[in-house]
K.L.:
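I am attaching a structure below and will ask some questions about it afterwards.
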Amino acid sequence: MATRYNPKETEPKWREAWDRAQVFRAKSSKEAKGMPKAYVLEMFPYPSGRLHMGHVRNYAMGDVVARYRLANGYNVLHPMGWDAFGLPAENAAIEKKAQPRTWTLQNIQAMKDQFAPLGLTFDWSREVTTCEPSYYAHQQKIFLKFLEHDLVYRRSAKVNWDPVENTVLANEQVVDGKGWRSGATVESRELEQWFFRITKYGDDLLEALNTLDRWPEKVRIMQANWIGKSQGARFRWQLTRPVGAIKDIEVFSTRPDTLFGAAFVALAADHPLTKEIAKTNQAVAKFIADAAKHGTSEADIEKAEKVGVDLGLKVKHPFDPNWELPVWAANFVLSTYGTGAIFGSPAGDERDIEFANKYALPFKPVVLPPGADVTTYAVTTEAYTGEGTIYNSEFLNGLSTKDAITAAIKELVKRGAGEATTQYRLRDWGVSRQRYWGCPIPVIRCPKCGVVPVPEKDLPVLLPDNADFSEPGNPLARHPTWKHVNCPTCGGAATRETDTMDTFVDSSWYFARFANPDAKEPIDKTEAAYWLPVDQYIGGVEHAVLHLLYSRFFSRALRDTGLLDLPSGEPFSGLFTQGMVTHETYKSASGAWLLPEEIERRDGGAFEISTGKPIAVGNAEKMSKSKKNVVDPVQIINDYGADVARWFVLSDSPPERDVEWTQAGVEGAWRFVQKVWAIAEAAPSADDGPVTSGDALELRRMAHKVIRNVTLGIEQFRFNTA
RNA sequence: GCGGGCGUGGCGGAAUUGGCAGACGCGCCGGACUCAAAAUCCGGUUCCCCUUAAAGGAGUGUCGGUUCGACCCCGACCGCCCGCACCA
């Protein structure tokens with residue numbers, strides 16, 4: 001008797017059965033008794049309160065891997081938690097007058113309810129929530145441990161300051177030089193900030209990328225570029241007459257081979273020497289003021305024309321004391337890279353030649369490209385940046401560019417003018433946020449003793465519950481009582497650090513906490529040694545640099561401070577970055593975005609249901625609330641069941657590519673699930689006896705082919721073909 | 001500008017990595033069932049030629065190359081997507 005697949009009956013039945021048997025509960029290292037382990041993890045979500053299709057896709061993929069490992073006899077850890085600190089909770093607090101904590105915990109409950117019908121293999125007994133003291137208390141311990149080992153330090157740094165909201169904004173929150181919410185022009189301010197010393201691991205983080213053979217090449221390249229290692233030389237140009245205490249200018253260059261082609265030395269606008277000259281030179285002062293206006297927005301800088309101002313100074317060439325060059329300040333020199341000063345060798349650098357031509361600074365070529373004729377070769381407006389033979393360069397003449405770099409550095413060292421160095425683009429990680437809803441930084445500022453760590457016995461430093469969001473700025477800073485404490489060292493009146501940590505800190509070690517979320521110490525070393533590294537990590541490619549790089553740094557820092565046994569320092573041995581879920585967009589005749597359920601298709605066109613008017617159908621784009629091209633997973637699961645939703649997002653497109661959600665596709669998935677049900681029902685009961693001929697043999701062969709192909713498909717992350 | 005990826009039917013995409021191009025799904029066409037529709041089931045579906053079938057021809061962005069054999073390898077070009085972007 002053929003029945004139809006009824007998800008409303010079958011899905012809850014099995015969910016309850018799994019629940020009762022606790023099949024998804026991971027065994028501890030002791031209980032596992034030699035079973036192979038598999039740690040499968042998807043990037044934990046921010047509790048926005050609503051499950052979206054991107055979540056469904058992400059967690060369905062991890063679920064396939066986890067089930068596959070379970071079925072193969074592995075002890076599987078597939079945990080779930082909440083990346084629960086962050087700005088949206090504060091915005092909600094301002095708009096809805098709810099406390100961030102209340103709002104966040106409600107969202108978590110709502111999302112848990114939405115996750116349930118998906119039937120995922122999560123071990124909820126290990127749930128972790130970053131905004132709970134049970135989590136962030138340990139983060140404070142880690143912070144203090146890092147402080148002890150000089151992996152955290154304070155220094156003054158430039159930040160984007162919103163003068164209306166009285167807070168620091170992340171670069172992403174500055175749009176066209178204005179605060180994203182207040183619309184106020186963002187100022188550049190110097191503030192005391194806490195930094196993690198990620199640069200200490202720059203070289204290791206770069207080199208170890210080679211060992212991550214189960215990471216996408218693309219992510220490894222992005223991280224390598226982000227770290228940005230350059231080899232070259234640091235060396236000094238002597239000023240012909242000192243300016244105050246400043247006697248020379250230090251520059252960094254990867255091309256000391258072109259030193260004889262030098263035409264000028266250029267400084268960043270906020271180089272100390274530029275500032276010094278500005279005190280007595282109005283043109284220079286104006287230049288600095290103009291440069292500051294352009295702010296930190298990279299988009300502005302890239303379009304900006306090269307502008308400079310002559311500082312009226314001269315420096316001596318390191319290889320020829322009689323050769324004097326002019327010193328300029330230039331807007332294309334970055335204060336944040338190298339020494340904030342360069343020497344310009346126009347014939348070999350596109351920026352330098354543009355600058356030299358604009359300000360009529362004379363230059364000569366020093367690199368002869370292969371095959372070029374010395375007697376006719378000239379450089380006027382196009383720099384030659386490739387390799388070649390050095391000429392016009394005294395003792396470097398005739399050398400290849402490569403050999404000339406070595407020879408030039410040798411000479412610089414000999415003359416005491418400089419030395420070989422390696423320069424990184426990577427900068428230390430600023431983690432101070434002038435926010436309420438984050439992990440408090442556990443230090444106290446005492447007027448007598450300076451910065452004093454909160455003693456371990458006084459941890460955790462809890463967030464106060466009664467934050468006031470009626471005014472802009474950080475509620476912690478203006479809280480009537482919270483920040484006032486006695487100094488743990490001298491006992492005198494002192495104040496707490498009111499900055500909280502960047503939420504990326506929270507997500508940099510949660511995977512280690514899952515090994516035992518109830519541990520008294522931040523990380524249960526025994527269990528973590530058993531489970532880590534994560535065998536398969538799955539998430540969006542948007543975290544390719546920040547989260548994934550910070551986590552790699554944290555694993556090393558935790559290891560080196562004795563909190564974690566992980567010799568490689570690599571937290572994720574396998575990484576998969578999945579594509580987005582997209583959907584067509586719809587715009588009504590009046591130009592308003594429409595939800596998919598507000599439109600209908602008929603007579604070969606698309607129309608708004610309520611008005612009957614034709615609408616404009618746009619390309620498939622990432623599902624987003626603002627464009628209303630969203631489909632609610634809860635609704636889909638209600639209409640078709642979790643199997644259909646999961647089947648569709650897994651089968652339609654390769655997992656690394658975007659998948660376009662379509663109504664027709666979902667209906668196809670529904671029919672497919674029905675077919676599988678019908679086939680299973682129609683199949684005779686299993687007969688494992690010998691099969692030697694006929695259709696039964698053919699069927700058995702096909703079955704084994706299918707097993708092989710599906711196995712390969714799952715192991716190679718090709719769920720669509722599997 | 002630099003780095004990376006991609007380009008195959010009407011659509012999403014397969015092709016066991018150099019060996020029958022188009023698996024599977026969507027859509028479409030035809031049929032069965034039905035009074036009818038929906039659902040379901042069966043068959044067909046790269047394009048061209050052909051009433052149909054058979055037979056034939058073309059075909060993986062473009063042009064060229066290597067090879068007995070190329071979607072796959074090499075070179076040049078065109079187009080699209082992603083990341084970084086004045087990094088000295």
Side-chain angles (χ1 to χ4, degrees), chain A residues 2 4 216-234 251-256 258 262 264-268 294 297-308 330-346 348-355 383 385 423-427 540-542 544-545 577 579-580 582 584 601 619-620 622 647-675 677-679 682 705-706 708-713 716 718-722:
Chain A
R4 312 246 312 134
E217 172 97 30
K218 179 191 169 119
V219 174
R220 300 203 314 250
I221 290 168
M222 281 165 75
Q223 291 210 356
N225 290 341
W226 186 265
I227 295 166
K229 180 179 182 175
S230 305
Q231 261 152 350
R234 245 173 216 257
V251 301
F252 172 74
S253 174
T254 56
R255 295 295 303 274
T258 64
F264 59 92
V265 164
L267 310 180
H294 285 282
S297 161
E298 283 111 6
D300 297 341
I301 298 166
E302 101 194 36
K303 285 174 211 143
E305 200 189 335
K306 300 216 173 355
V307 185
N331 66 342
F332 69 93
V333 181
L334 305 173
S335 64
T336 51
Y337 184 79
T339 61
I342 62 152
F343 81 89
S345 192
D349 186 283
E350 281 159 27
R351 296 154 301 182
D352 296 348
I353 202 166
E354 193 187 328
F355 191 77
T385 58
Q423 185 68 43
Y424 295 90
R425 206 188 78 109
L426 181 70
R427 283 183 258 157
V541 74
E542 67 273 18
V545 175
T577 53
M580 300 181 298
T582 67
E584 285 178 329
R601 288 180 183 275
N619 288 336
K622 181 180 183 176
W647 183 264
F648 178 68
V649 293
L650 291 175
S651 68
D652 189 71
S653 297
E656 69 277 11
R657 277 196 227 171
D658 291 352
V659 59
E660 185 183 350
W661 186 276
T662 59
Q663 187 58 31
V666 177
E667 278 160 19
W670 166 260
R671 278 198 289 276
F672 194 92
V673 170
Q674 291 295 347
K675 272 185 212 172
W677 180 266
I679 288 167
K705 262 187 198 170
V706 169
R708 178 174 179 271
N709 287 337
V710 171
T711 302
L712 281 175
Q716 297 170 7
R718 300 181 340 174
F719 304 132
N720 57 324
T721 54

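Lettering follows sequence order; numbering is per chain, from 1.
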K.L.:
Does D352(A) form a side chain to side chain contact (heavy atoms under 4.5 Å, CB included) with E354(A)? I'd like the steps, not just the answer.
P.N.:
CA-CA 5 Å; D352(A) 296 348; E354(A) 193 187 328; over 6 Å; no
K.L.:
Apply the side chain to side chain contact (heavy atoms under 4.5 Å, CB included) test between T582(A) and each candidate in N619(A), T662(A), D658(A); give the one that qualifies.
P.N.:
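It is D658(A); the other options fail the test.
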K.L.:
Assign G338(A) to base, sugar-phosphate, or nothing according to its heavy-atom contacts below 4.0 angstrom with the strands shown.
P.N.:
nothing
K.L.:
Between atom CZ in R220(A) and atom P in C82(B), what is the gap in whole Å?
P.N.:
23 Å
K.L.:
Minimum heavy-atom separation for A266(A) and V333(A), please, with both atom names.
P.N.:
CB-CG2, 3.9 Å
K.L.:
Tell me whether U17(B) sits syn or anti, counting syn as a glycosidic angle within 90° of 0.
P.N.:
syn
K.L.:
Closer to the 5' end of RNA chain B via nearest nucleotide, is it V541(A) or S651(A)?
P.N.:
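Nearest nucleotide further toward 5': that of S651(A).
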K.L.:
Rounded to the nearest Å, what distance is computed from the CZ atom of residue F343(A) to the P atom of nucleotide C86(B)?
P.N.:
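Going from CZ in F343(A) over to P in C86(B) covers 20 Å.
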K.L.:
With a 3.5 Å distance limit and no angle check, can you tell me whether D652(A) reaches the backbone of V659(A) through a side-chain donor-acceptor pair?
P.N.:
no
K.L.:
Given atom CZ of F648(A) and atom P of G12(B), what is their separation to the nearest angstrom?
P.N.:
12 Å
K.L.:
Take the protein atom CZ of R234(A) and the nucleotide atom C1' of C87(B), then report the distance between them rounded to whole Å.
P.N.:
13 Å
K.L.:
Taking atom P in both C24(B) and G44(B), compute the distance separating them and give it to the nearest angstrom.
P.N.:
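Those two atoms are separated by 11 Å.
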K.L.:
Looking only at side-chain atoms of F672(A), point me to the closest of G25(B), G83(B), A88(B).
P.N.:
G25(B)
K.L.:
Using the P atom as the reference point in each nucleotide, state the distance between G43(B) and C35(B) in Å, no decimals.
P.N.:
25 Å
K.L.:
Within a radius of less than 6.0 Å around CD of E542(A), do more than 12 heavy atoms belonging to other residues, nucleotides or ligands occur?
P.N.:
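Yes, because the 6.0 Å sphere around CD of E542(A) holds more than 12 heavy atoms from other groups.
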K.L.:
Out of A88(B), G3(B), A39(B), which nucleotide sits closest to the side chain of T254(A)?
P.N.:
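Taking heavy atoms from C-beta onward, the closest nucleotide is A88(B).
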K.L.:
Sticking with atom P, work out how far G65(B) lies from G59(B), rounded to a whole angstrom.
P.N.:
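Here G65(B) and G59(B) have their P atoms 15 Å from each other.
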K.L.:
Quickly work out the I221(A) CD1 to C82(B) C1' distance and round it to whole Å.
P.N.:
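Rounding to the nearest Å, CD1 of I221(A) and C1' of C82(B) are 12 Å apart.
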K.L.:
In whole angstrom, give the distance that lies between atom CD of Q674(A) and atom P of C41(B).
P.N.:
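It is 9 Å, rounded to the nearest whole Å.
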K.L.:
Work out how far the C1' atom of U52(B) is from that of C29(B), and round it to whole angstrom.
P.N.:
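The same atom, C1', in both gives a distance of 16 Å.
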K.L.:
Is there a Watson-Crick or G-U wobble partner for G19(B) with both distances under 3.5 Å, and which nucleotide is it?
P.N.:
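Pairing partner: C68(B).
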K.L.:
When the C1' atoms of G19(B) and C42(B) are compared, how many Å lie between them, rounded to an integer?
P.N.:
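So the two C1' atoms sit 34 Å from each other.
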K.L.:
Watson-Crick or G-U wobble partner for G7(B), using a 3.5 Å limit on both distances?
P.N.:
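Partner of G7(B): C78(B).
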K.L.:
Starting from C1' on G25(B), measure out to CG on L650(A) and report it in whole angstrom.
P.N.:
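These atoms are roughly 14 Å apart.
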K.L.:
Identify the nucleotide, in any strand shown, that forms a Watson-Crick or G-U wobble pair with G1(B), with both distances under 3.5 Å; if there is none, say none.
P.N.:
C84(B)
K.L.:
Roughly how far apart, to the nearest Å, are U67(B) and C73(B) at atom C1'?
P.N.:
10 Å
K.L.:
Using a 4.0 Å heavy-atom cut-off to protein, can you give one letter per nucleotide of nucleotides 13-23 of chain B, 5' to 3': B if the base is in contact, S if only the sugar-phosphate is, - if neither?
P.N.:
SSS--------
K.L.:
Need the pair for G43(B). Rule: Watson-Crick or G-U wobble, both distances under 3.5 Å, any strand; none if unpaired.
P.N.:
C29(B)
K.L.:
Shortest non-hydrogen contact from F252(A) to Q231(A)?
P.N.:
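Result for this residue pair: CZ-C, 4.4 Å.
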K.L.:
Could you report the tightest heavy-atom contact between A383(A) and P346(A), atom names first, then the distance?
P.N.:
CB-O, 3.6 Å
K.L.:
Output, in order, the C-alpha distance, side-chain angles, deciding distance and verdict of side chain to side chain contact (heavy atoms under 4.5 Å, CB included) for F648(A) and W661(A).
P.N.:
CA-CA 8 Å; F648(A) 178 68; W661(A) 186 276; 3.4 Å; yes
K.L.:
Hey, does the Lys NZ or Arg CZ of K306(A) hover above the aromatic six-ring of F332(A), less than 6.0 Å from the centre and inside 45° of the axis?
P.N.:
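Yes - K306(A) lies over the ring of F332(A), closer than 6.0 Å to its centre and within 45° of its axis.
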K.L.:
Which one, C82(B), G83(B), A88(B), comes nearest to the side chain of M222(A)?
P.N.:
G83(B)
K.L.:
Measuring to OP1 and OP2 of A85(B), would you say a side-chain N or O of R425(A) lies under 4.0 angstrom away?
P.N.:
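Checking R425(A) against A85(B): at least one side-chain N or O falls below 4.0 Å of OP1 or OP2.
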K.L.:
Which is true for V251(A) with a 4.0 Å heavy-atom rule: it touches a base, it touches only sugar-phosphate, or it touches nothing?
P.N.:
nothing
K.L.:
When you compare G69(B) with U17(B), how far apart are their C1' atoms, in angstrom units rounded to a whole number?
P.N.:
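Here G69(B) and U17(B) have their C1' atoms 16 Å from each other.
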K.L.:
With a 3.5 Å limit on both atom pairs, tell me what A36(B) is paired to, counting Watson-Crick and G-U wobble, or say none.
P.N.:
none
K.L.:
Check the pair S651(A) / F672(A) against side chain to side chain contact (heavy atoms under 4.5 Å, CB included), numbers first and verdict last.
P.N.:
CA-CA 11 Å; S651(A) 68; F672(A) 194 92; over 6 Å; no
K.L.:
How should the glycosidic conformation of G5(B) be described, syn or anti, under the criterion that syn lies within 90° of 0?
P.N.:
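Judged by the O4'-C1' to base torsion, G5(B) sits in anti, the angle falling more than 90° away from 0.
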K.L.:
Can you measure K675(A) atom NZ to U40(B) atom C1' for me and round it to whole angstrom units?
P.N.:
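These atoms are roughly 10 Å apart.
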K.L.:
Please determine if a side-chain N or O atom of R671(A) lies less than 4.0 Å away from the OP1 or OP2 oxygen of C24(B).
P.N.:
no
K.L.:
Between G10(B) and C2(B), how far apart are the C1' atoms? Round to whole Å, please.
P.N.:
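The answer is 38 Å between these two C1' atoms.
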K.L.:
Go nucleotide by nucleotide along RNA chain B from the 5' end; which of T662(A) and E350(A) gets its closest nucleotide reached first?
P.N.:
E350(A)
